[in-house]
Structures are given as C-alpha cells and as structure tokens.
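The basis for the numbers below is simple: all heavy atoms, side chains too, and nothing from hydrogens, waters or symmetry mates. Since the structure is predicted, the reported quantities are computational estimates derived from the model, not experimental observations. Per chain, numbering begins at 1; letters A, B, ... match sequence-line order.
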Amino acid sequence: MRVVRWVVTVVAAAVVLVVLGVALVGPLFAGEPERIVGLPYSLPSAGSPLGTDSSGRDVLARVLAGGQPLVAVPVVATILATVLGLVLGLLGGYFAGVTDAVVSRLDYLLLGLPPVLILLVLLHGWGYSAATMIIVVVLTGTPFVSRITRAETLRAVEDGYVVAAYASGDSHLSVIVREILPNIIRPVLADFGTRLAIAVTLTAAAGFLGFGSSGPNWGAMISQNVEGIQLTPWAVAVPAVLLGVLTVAANLGIDRIVGRVLR
Amino acid sequence: MTALKFLARRLLATVATLFAVSVVLFAASEVLPGDAASASLGPDATLEEVEQRRAELGVDRPWAVRFAEWAAGVVRLDLGTSTSMHQPVVDIVAEPLAATGLLVGLTAAVTVPLAMGIGLLTGLRPGGRVDRVVSAVAVVSVSIPQFVTAGLLVLVFADLIPLLPAISLPPLGGGPLDRPEILVLPVAALTLFGAAWASRIVRAAVIDADAMPHVEAARLAGLPERVVVFRHLLPAAVPPCAQTFAWLLSGLFGGTTVVEVVFNYPGLSQTLVAAVRNHDTAVLEGVGLLLAAIIVVSFVLADLVVMAVEPRLRVAAR
C-alpha cells in the first residue's frame, strides 16, 4: 500500500515537472510557431509530429511556445493578491468599526461580480497586457484572501496571548506581525493553490476568448481548433491535457508542499 | 412584522449594492482609455472626425452627467443604445439572456440534486472508500478550467464516439429547444464543475449536521436511518446548502461564457465578447448590470430560504 502511494506520488510529480518544463523552457525549442507548414488540420507527419492547426501552423511548436504566459502571469498575480488580501483582512479583523466596514463592503462588492465580467470590462478599457491580467487576478482573488484572513484574525484577537501582548504595551503593528500573523498564515497559504489554479484558468480564458497576446497560448489553441476536432484532435487534446494537469497540480500540489514546510 | 422589516432592509441593501456595481461598471468602462467614437470609425479616422463622432455620441460631456442619464434610463428599464449595432441594448440582450438562462436553469436542475446526493453519500461516511474516491474525482473536476472540460467532452462524445453535435447552433430562426440535443454537452460541462464544487460544501454541511445533538438523539431513539436523514439531518444542513446554491447560480451566470464560446451557443457570451471587440460600452454595461442584478437577487432568495427553514435566524434577523 505504501509502495503504491509512493509510486503514484513520484509519477504525479514527474508529470507536473514535465508540464512545467514544457511551459517554461518550451519557447526556447519552439522554432517558428507562426510559420505555416502545411494545410489546415493536417494529420501528424514527420515535419509536424502533432499535425497542424486551423491555419496550418505546427501544433507542436505552438504547444511548446504557448505555456509560458499561463505560468508567469498567474504566479506573480497570485502572490500580489495574497499579500494584498492578507493586509486588508488583518486590518479589517484587527481594527473593527469603520476599517472593517470598508474592507467588508469592498469584498462583497467584488465577490458579487463574476470574474469573467471583470476580465471583459478591463480588457474593454485597457486591452490585453500582462499588467491588465495581473490586475484582473488581483481584483478577483484579493476579496477571497481578505475574507479568510479577516475570519481567522477575528478568532485570533480573542486568544489569550494576543490580549497579553497588547496589555504588556506592544504596538498594534508588533502585535499584528508577531502574534497574529504566524497564527493565521496556514489557511491563507493553503488557499494559495486554489487561487493559483483560478488565476491560471482566468489567464487561459482570456486567450481562449480571443484576447490573449498575439502569440500562441494553450487556452487560445483550444478555442481556435475546436471546429477541426473531427479532422485532427491533437490541436485541442494536447493543450487541453497540459492545461488540465497544470491547474490540477496547482490545486493539489501546492497545498501539500505548503503543509509539509509549515509542519 | 420582523420578516417584513428584514425584507425591507435586504431590499435597501440590494439597491445600494446594485448602485455601487453600476458606478464601478460605468467608471471602469467609460473612464478608462479608448472609446466608442474612435473604435467605431476605425484607425484611419482624422482627429476632427473622432471629435465630431464623440459629440454625436455624447461622450464628450462630463462622465457624471452621462452616468446620471444612464442611471435614470436603467430605472425606466432602458439600457441605452448600442453604438455598434444602433439598436436598444434591451432588444440585443433579450434573446441571448433567455438562451443563457435556459442553460443555467437546466444545469441547476441537474446539479442541485446531484450535489445533494453526492454530498449525503460522502458526508454520512466521511473517510470511507466512496468518500475517498469521490473526493479525488471532485478535486480534479473543480481544478480543470471549464472550457478544457468542454473541449475534452467534445473530443470524446462528438469525435471518438459521435453521439452528440460538437457545435450547439440552434436551427435558423429557431431556439435551442428546437434541437434539444445541442444542450447536452454544454450542460454536462457546467455540471461536472458545479456538482463537484457544490457537493464538497454539502458534504461538510452534512458532517456538521450529523454531529448535532438532536440528530444524535433521533438516532439513539432508534428511528430508522431514512427518517433520521430526511426529517432531522437534512433540514439542519439546508442553510449552508442554500448559500452554496446561490453561489452556484451566480457562478453559472458568469461561468457559462467560456463554455458557450466552445460550443458556439447563442447565449450572452457572444454578446459580451462582441461588445468588448467593438468597444460597445452600452452593451457591456447593460449585460454587466443584468448579471449583477441576477446574482444579488439569488443571494436574497437564498437568505429567504434560510429564514424559512431556520427559526433561530428569524429571531436573529430582528
């Protein structure tokens, strides 16, 4: 039983590393992903091992080149959203009253808007860029982090050691950073994997809806090639599986790694 | 009386939220750079032409004035006129909204009983074999973007086993119900995500309810398991479930967009994406406000359900 679990873990880790490798190092080996190499939706051949896409471009080259934007932007954006959510949630939970009311209202306002709508409104205003995508992810992720942090902080401020630290004359900042933060960080970090998976999903969705940068993108590949699925499935299947592995790994793997490190 | 007071307060909060949402939407789509005038004329237009067009469209006036006009229109159920299609936004939005509503309604009709069933099955025996298998499937299903799930479904059920159409286009001049088979794959894609996500929360609610004193008492009194579950445990699990399904509904209205694009389904997605492409601010604001209204109302409905089944909250709402 133990051996089986070990084998499963190793295989899963290997698959994830391969996908991450393809995403990060792939662009170096992609060659010319925009070059037309044959008829649209050709079956795999020696020149194009995964066939061609809707415009006759090499699917393998586009797969190699199309993962990077789906890793770089979400990681940066998720770190920003987590830090901002932590700060807002700590402020709201620690200083009750007006601060809390403002933070809570802001959270509720943003939580009420569908992420895809926020995405489309900002794309409408600013057009696609890495910065726009980062702001979209921060706007949709921060309220969740802030709500978790606030709930945990409300619980922590009641604890004896916090009251004691405050009574012994420590400043607000020192109480928040030294007493409360270490005691609430775990659920926030456990949430990080989910946030990252959602960020990857949103970034891929922008490409999928046709708003990505002009270059190749796994999300965009799925929407561009779904019409030709009966001619050659590879142009959809390969990016779909890679994207699925990436988001599942973010959701499962990061919780586990964070759990290990903090234990 | 208290129920009325509660309703009145919720209604006020709902209106306030929608007002805030409309300010944000308006500000985000109008104050940001780029506007309908230059978008509708194309890149070759001269500066004078753009200026003239801006005056025609009325977008050269201060935005507070335009917001006041727009808001006054919304109150009269007039969402303005599309700049790219020269039609009232209400007319443009009506049919896609009905099509998306049909998709969301069907998905909810499948998802809610499915999530309740799975949640009960796993929550009554947490840690058991069924629970472990279902949990693993649920995590994977929730993690994968919906348009990826949709693409894989097309691959399997339209390509490998050609059972269903890959594209969900209704016949010319007809609605989606004239060809019901086009709804199967989109509903399946949305359900795979929704049922997996909602069943996790139902499961947690069932575990919590199972530990309540009155459920334990019913079990100790020797009542049959069926009676314990349906008469004592389930009512206690309804409040968190009602909230969950309100979330689900709001998630569906925002989340059908990408699935609709995979299948070319004639719902709100095409309206929204086209509005962004054509820089049609009026359509974007109109659809955004409609979506926000649907979401806010679904949360109020969830609160009412909770109040109906949970007498203690009725007291707390005073």
Residues of residues 185-197 of chain B with any heavy atom under 4.5 Å of a heavy atom in chain A = none
Choice from Val142(B), Asn264(B), Ile144(B), Val276(B) maximising heavy atom contacts with chain A below 4.5 Å = Val276(B)
Sort out for me which residue in Leu209(A), Val121(A), Leu120(A) forms a side-chain contact (heavy atoms from CB on, under 4.5 Å) with Leu272(B).
-> Leu120(A)
Where on Leu152(B) is there a heavy atom nearer than 4.5 Å to chain A: the side chain, the backbone, both, or neither?
-> side chain
Considering all heavy atoms of both residues, which atom of Phe208(A) and which atom of Val258(B) are nearest to each other, and what is their separation?
-> CE2-O, 3.2 Å
With a 4.5 angstrom heavy-atom cut-off, could you sort out which part of Val296(B) is near chain A: side chain, backbone, both or neither?
-> neither
Scanning both residues in full, the closest heavy-atom pair of Phe147(B) with Thr201(A) reads CE2-O, 4.1 Å
Relative to chain A, which segment of Ala275(B) carries a heavy atom at a distance below 4.5 Å: side chain, backbone, both, or neither?
-> backbone
Taking every non-hydrogen atom, the tightest pair across Ala240(A) and Val148(B) | O-CG1, 3.2 Å
Arg200(B) atom CZ, neighbour heavy-atom count above 12 within 6.0 Å | yes
Which atom of Leu243(A) lies closest to which atom of Pro145(B), heavy atoms considered = CG-CG, 4.4 Å
Rounded to the nearest 0.5 Å, how far apart are CD1 of Ile295(B) and CG of Leu117(A)?
-> 8.0 Å
